[in-house]
Engineer: 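For reference, the structure I am asking about is given below.
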Number of protein chains: 2
Amino acid sequence: MDQCITDIPRVRRGDVPLPQEEAIQRIASVTKAFSDPIRLKMVYLLSKQSDLCTCEFEELLDLSQSKVSYHLKILLDAGVIDREIHGSWSHYSLRNPKILEQVHALSQ
Amino acid sequence: MDQCITDIPRVRRGDVPLPQEEAIQRIASVTKAFSDPIRLKMVYLLSKQSDLCTCEFEELLDLSQSKVSYHLKILLDAGVIDREIHGSWSHYSLRNPKILEQVHALSQ
DNA sequence: GGTGTTTATCAACTTTTTTTGATTTGAATA
DNA sequence: TATTCAAATCAAAAAAAGTTGATAAACACC
């Protein structure tokens, strides 16, 4: 057989320590928040318009009210966006206004 | 009622142009690739050990062969990793060695 | 050729995520 | 107080993603 690049097996269990499971889960919850097209569009809209309420997402993305609430909650729980309540309205904004650039950098 | 921060409705469909659906989908495929704990660990391992074959992921993460192949394919299809075939072995490496830092920056 | 190794793929199943429509909650207004 | 409006929540259904064990393909070695 062709010589493998290096000897095999080269690394065994325990050779490379992994991060804490908790740290992995935290990162996964954030990347998961960005992994849905609807939520990416929401983040995009917030990067152009720094403050939007639920009904504006409905209007801009042509989505049902419960669908909008569902996705906003995922972004909120992941810490991607913040909510400010004014009367009956919920206003959302990006916690980090530069986040979209960082997401975009992942796919370059 | 409390005065809303601004008049409503403030923005309507078409007011904020969205990126092409295709561009959104491409970004989503990358963020989705990073949204699973197993795949995050794989990327982490590759950031510490620049080249690993399928069976090494099995050993290091204590996972079945088909599960490892399944997750590696998702990372490969998203363009996160590259594959080099040597005989019967498939060797994987990060397309962008700094990608883990960028992923980590998302959750800061 | 026959055997063993590494890896990918497949189909069936399980789990998770998303969607949908209805209901509930809280607040403003007539 | 009754009504209306914005938004969250719920339960059921649908869709997507992940897991599992088996099979297949490609290669090396005897």
Side-chain angles (χ1 to χ4, degrees), chain A residues 1-12 24-25 28-42 51-78 81-93, chain B residues 1-12 24-25 28-42 51-78 81-93:
Chain A
M1 185 203 272
D2 253 355
Q3 175 68 36
C4 180
I5 285 184
T6 56
D7 288 355
I8 286 199
R10 301 173 298 157
V11 287
R12 296 187 166 283
I24 294 279
Q25 293 290 345
S29 81
V30 176
T31 48
K32 193 169 289 185
F34 289 110
S35 73
D36 182 274
I38 289 177
R39 294 193 291 270
L40 282 173
K41 288 175 193 170
M42 288 173 154
D51 172 302
L52 291 166
C53 66
T54 306
C55 64
E56 289 177 305
F57 286 106
E58 289 178 58
E59 172 76 16
L60 290 166
L61 298 173
D62 193 18
L63 298 172
S64 71
Q65 186 267 316
S66 68
K67 195 184 270 196
V68 167
S69 279
Y70 169 78
H71 287 288
L72 285 172
K73 180 167 166 50
I74 288 175
L75 290 169
L76 189 65
D77 289 349
I81 60 177
D82 288 316
R83 172 169 58 181
E84 260 194 74
I85 296 174
H86 297 276
S88 295
W89 283 264
S90 285
H91 285 259
Y92 293 91
S93 57
Chain B
M1 186 205 272
D2 253 355
Q3 173 68 38
C4 183
I5 285 184
T6 54
D7 289 355
I8 287 199
R10 301 174 297 156
V11 286
R12 295 186 168 284
I24 293 279
Q25 292 290 344
S29 81
V30 176
T31 47
K32 193 167 289 184
F34 288 110
S35 74
D36 181 275
I38 290 177
R39 295 193 291 269
L40 282 174
K41 288 176 191 169
M42 287 173 155
D51 172 301
L52 291 166
C53 65
T54 307
C55 63
E56 290 178 305
F57 287 106
E58 289 178 58
E59 173 76 15
L60 290 166
L61 297 173
D62 194 17
L63 298 173
S64 70
Q65 186 268 314
S66 68
K67 195 185 269 193
V68 166
S69 279
Y70 170 77
H71 287 289
L72 285 172
K73 180 165 165 52
I74 287 175
L75 289 169
L76 188 65
D77 289 349
I81 60 178
D82 287 317
R83 173 168 60 180
E84 260 194 72
I85 296 174
H86 297 277
S88 295
W89 282 264
S90 285
H91 286 258
Y92 293 91
S93 57

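Values below: all heavy atoms of this structure, side chains included; hydrogens, waters and symmetry mates excluded. Throughout, protein chains are lettered first and strands after them, A, B, ... in sequence-line order, and every chain is numbered starting at 1. No experiment lies behind these values; they were computed from the predicted model shown.
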Engineer: Short question: side chain of B:R10, backbone of A:D51 - any donor-acceptor pair under 3.5 Å?
Structural biologist: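 Between the backbone of A:D51 and the side chain of B:R10 there is a qualifying donor-acceptor contact (under 3.5 Å).
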Engineer: Between B:Q25 and B:S29, does a side chain to side chain contact (heavy atoms under 4.5 Å, CB included) hold up when you go through it step by step?
Structural biologist: CA-CA 6 Å; B:Q25 292 290 344; B:S29 81; over 6 Å; no
Engineer: Separation of B:H86 atom NE2 from D:dA28 atom P, in whole Å?
Structural biologist: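 Going from NE2 in B:H86 over to P in D:dA28 covers 12 Å.
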Engineer: From the list D:dT9, C:dT19, D:dG21, which nucleotide is the closest neighbour of the side chain of B:S66?
Structural biologist: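 Looking only at heavy atoms from C-beta outward on B:S66, the closest nucleotide is D:dG21.
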Engineer: Under 4.0 Å between a side-chain N or O of B:R83 and OP1 or OP2 of C:dT7?
Structural biologist: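 Indeed not, no polar side-chain atom of B:R83 lies that close.
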Engineer: What is the distance from CG of A:L76 to P of D:dA7, rounded to the nearest Å?
Structural biologist: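 Going from CG in A:L76 over to P in D:dA7 covers 14 Å.
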Engineer: So, is A:H91 near the phosphate of D:dA6, with a side-chain N or O under 4.0 Å from OP1 or OP2?
Structural biologist: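 For A:H91, the contact criterion (side-chain N or O under 4.0 Å from OP1 or OP2 of D:dA6) is not met.
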Engineer: Counting just side-chain N and O atoms, does B:S69 come under 4.0 Å of either OP1 or OP2 of C:dA8?
Structural biologist: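 For B:S69, the contact criterion (side-chain N or O under 4.0 Å from OP1 or OP2 of C:dA8) is met.
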Engineer: Under 4.0 angstrom, heavy atoms only, what part of the nucleic acid is B:Y92 near: base, sugar-phosphate, or nothing?
Structural biologist: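 Sugar-phosphate contact only.
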Engineer: With sugar-phosphate meaning primed atoms plus P, OP1 and OP2, does A:S90 contact a base, only sugar-phosphate, or nothing at under 4.0 Å between heavy atoms?
Structural biologist: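 Sugar-phosphate contact only.
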Engineer: In whole Å, I'd like the distance from the CD atom of B:Q25 to the C1' atom of D:dA16.
Structural biologist: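 That distance rounds to 13 Å.
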Engineer: Take the protein atom CG of A:L75 and the nucleotide atom C1' of C:dT18, then report the distance between them rounded to whole Å.
Structural biologist: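 Distance check: A:L75 CG to C:dT18 C1' gives 14 Å.
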Engineer: May I ask you to say what B:I74 touches in the nucleic acid, namely base, sugar-phosphate or nothing, with a heavy-atom cut-off under 4.0 Å?
Structural biologist: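 The answer is sugar-phosphate, as B:I74 gets under 4.0 Å only of primed atoms, P, OP1 or OP2.
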Engineer: Can you check the A:K32 NZ to C:dT18 P distance for me, whole Å?
Structural biologist: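 In whole Å, C:dT18 P and A:K32 NZ are 8 Å from each other.
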Engineer: When you measure from the side chain of A:C53, which nucleotide among C:dT9, D:dG18, D:dA7 comes out closest?
Structural biologist: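 Nearest to the side-chain atoms of A:C53, counting from C-beta on, is D:dA7.
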Engineer: Give the rounded distance in Å between these two atoms: CG of A:L63 and P of C:dT19.
Structural biologist: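 Value for this atom pair: 8 Å.
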Engineer: Look at B:K67 and D:dT20 and indicate whether a side-chain polar atom (N or O) is within less than 4.0 Å of OP1 or OP2.
Structural biologist: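 Affirmative; the distance criterion is met.
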Engineer: Nearest-Å distance, CG (A:L72) to P (D:dA7)?
Structural biologist: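 Answer to the nearest Å: 10 Å.
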Engineer: Report the nucleotide, chosen from D:dT19, C:dT18, D:dG18, that has the shortest atom-to-atom distance to any side-chain atom of B:I38.
Structural biologist: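 Within the option list, the nearest is D:dT19.
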Engineer: Check whether A:R83 reaches the backbone of A:S90 with its side chain - one donor and one acceptor, N or O, closer than 3.5 Å.
Structural biologist: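 A pair under 3.5 Å: no.
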Engineer: Walk me through whether A:L76 and A:L72 qualify under side chain to side chain contact (heavy atoms under 4.5 Å, CB included).
Structural biologist: CA-CA 6 Å; A:L76 189 65; A:L72 285 172; 6.0 Å; no
Engineer: Please determine whether any donor N or O and acceptor N or O are separated by less than 3.5 Å between the side chain of A:Q65 and the base of D:dA8.
Structural biologist: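 In this structure, the two groups form a donor-acceptor pair.
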Engineer: Taking any heavy-atom pair under 4.0 Å as a contact, classify B:T54: base, sugar-phosphate, or nothing.
Structural biologist: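 Touches sugar-phosphate only.
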Engineer: Say whether, by atom type as modelled, one donor and one acceptor occur between the side chain of A:S35 and the main chain of A:K32 under 3.5 angstrom.
Structural biologist: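 Yes, A:S35 side chain to A:K32 backbone: donor-acceptor pair under 3.5 Å.
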Engineer: Ignoring hydrogens, what is the shortest heavy-atom contact between A:R39 and A:I74? Give both atom names and the distance.
Structural biologist: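 For A:R39 and A:I74, the tightest heavy-atom pair comes out as NH1-CD1, 3.5 Å.
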Engineer: Have a look at B:I85 and say if it touches a base, only the backbone sugar-phosphate, or nothing, with a 4.0 Å heavy-atom cut-off.
Structural biologist: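 B:I85: no heavy atom of the nucleic acid under 4.0 Å.
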Engineer: OH of B:Y70 versus P of C:dA8: gap in Å, rounded?
Structural biologist: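 Atom-to-atom, B:Y70 to C:dA8, this comes out as 15 Å.
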